[in-house]
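Structure, as structure tokens:
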Amino acid sequence: MPRAKTRHEKSTPEGRYLYAVVPIEVVDSLNLDTPGIQGADVHPVTSGKLAAIVSNIEQQTLRPERKHLSTHSAVLGQVMDQAPMLPVAFGIIAGSEREVRNLLAEHANDFLTQLRAVRGNVEMGLRIRLSDPNAFGYYVNAFPELKAMRDDLYLEGEPSREEKIGLGKYFVDLLNGFREATADKVLDGIESVARQTVVNEPRNESEVVNLAALVPQKKVDAFNATVEKLGATLPENFQVDVTGPWPPYNFTQLRIHFEEVEEAAQGAP
Amino acid sequence: MANVSTSTGTSSTADVIDRILDKGIVVDAWVKVSLVGIEVLTIEARVVIASIETYLKYADAIGLTAAAAAPVAV
């Protein structure tokens, strides 16, 4: 919803909160009416073949509060539905619009290369966790070696600290092997519907697999169907959670260092 | 056969946090996230496993499964 400018807005804040980078050709047709952080209007800042999607911001820092995180996600969701885009991480604030333009100019090639790589694709998330609330009970039953080691150590009361460390290490090795084997099985299963995949660290002991897949937009249904089929081959006490489509967060790898932006700013007319 | 659930549009905060805090484009000097008050969930998600403390914690958790399985003495 476009807001009418009011008198107190005449001192426009200099800071620009960044959401995404898109190719210039989509800018004219982009609908950006989702309110930005603190309700600010979302708009493009253009340079050459690129545009950054930003909103004005007064604050110098931002806390990762739920409302801010969901605003950031909502703006990205709206952009993603309309155009190829590279998501920006939460809480990135440029000092001015000029700094944003310098960033786009300085890193144009990187941005354009990554945009080409993700164009027409979305990110899907896939997690597998144990549906058994007692994860350790599951592992002890699944790995007879672990159970034997436990019985051996705990037979006569509390084991020593060293024995416990040994048991813990043994468990971590088993767990890692189990996670890798399960992830490999999933990766094999979704190979035909995913262009790229990234395996991330599981969140806790109950989680077995945490991965992201870059999937062509027109194959999202096929991806879901494939995962459904894959689920049928996995043990009953596994819960598979598919999320998405997401902006391609896991497939946008751009970490830009300060010095480069500084130099660009100094060199600008 | 595992249960498969597909959620489109409604994503958990954990899934959002997993992505938006450090993935995507990051401009080092422009990171203006104040970590004061950051949600516990995020911190938990970032705990790196494989420390001595973790080994001990796991051993205790495994030991407890023995207690749970042991027959109660009468």
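Naming: A, B, ... by sequence-line order, numbering from 1 per chain.
By the 4.5 Å heavy-atom criterion applied to side chains, B/I52 and A/K164 are not counted as neighbours. Proximity of B/W30 to A/L103: side-chain heavy atoms (C-beta onward) are separated by under 4.5 Å at one or more points. Within the 4.5 Å cutoff, no side-chain heavy atoms of A/L254 are placed close to those of B/V26. A 4.5 Å side-chain heavy-atom check between A/T61 and B/V33 finds every atom pair outside the cut-off. Side-chain contact between A/E123 and B/K23 is absent, with no heavy atoms from C-beta onward closer than 4.5 Å. The shortest distance between side-chain heavy atoms of B/D28 and A/R255 falls below 4.5 Å. You'll find the side chain of B/R19 reaches within 4.5 Å of the side chain of A/W246, heavy atoms only.
The CD1 atom of B/I17 sits 7.0 Å away from atom CZ of A/R66, with the distance rounded to the nearest 0.5 Å. For the atom pair OH (A/Y19) and CD1 (B/I20), the distance works out to 11.0 Å, reported to the nearest 0.5 Å. With rounding to the nearest 0.5 Å, the separation of CD1 in B/I25 from CD1 in A/I256 is 6.5 Å. To the nearest 0.5 Å, the span separating OH on A/Y138 from OG1 on B/T65 amounts to 14.5 Å.
Residue contact with chain B, scored on non-hydrogen atoms closer than 4.5 Å, involves the side chain of A/V140 exclusively. Using a 4.5 Å cut-off between heavy atoms, A/T233 makes no contact with chain B at all. Within the 4.5 angstrom heavy-atom criterion, no atom of A/E163 approaches chain B. With a threshold of 4.5 angstrom between heavy atoms, A/N204 does not approach chain B through any atom at all. There is no contact between A/D110 and chain B, counting heavy-atom distances below 4.5 Å. With a 4.5 Å cut-off on non-hydrogen atoms, A/N237 does not touch chain B at all. In this structure, chain B has a heavy atom under 4.5 Å from the side chain of A/F111, while its backbone stays farther away.
Residues B/S5 and A/D241 bring a donor and an acceptor atom of their side chains to less than 3.5 Å of each other.
Note on B/D18 versus A/R127: salt bridge recorded, some NZ/NE/NH1/NH2 to OD/OE distance being below 4.0 Å.
Dense packing is recorded around CD of A/E145, with more than 12 heavy atoms of other residues, nucleotides or ligands lying under 6.0 Å away.
Relative orientation of the A/F136 and B/Y58 rings is tilted, given thresholds of 30° and 60° on the angle between their planes.
In plain terms, the two heavy atoms of B/L21 and A/P64 that are nearest each other are CD2-CB, 4.3 Å. When all heavy atoms of B/A59 and A/G168 are compared, the pair lying nearest together is CB-N, 4.3 Å.
For the set A/L234, A/L167, A/V88, A/I93, the entry with the most heavy-atom pairs within less than 4.5 Å of chain B is A/I93. Ranking A/G231, A/S70, A/A135 against chain B, the residue ahead of the rest is A/G231, based on heavy-atom pairs under 4.5 Å.
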Full working for side-chain contact (heavy atoms from CB on, under 4.5 Å) between A/I92 and B/K32: CA-CA 6 Å; A/I92 307 288; B/K32 306 291 182 185; over 6 Å; no
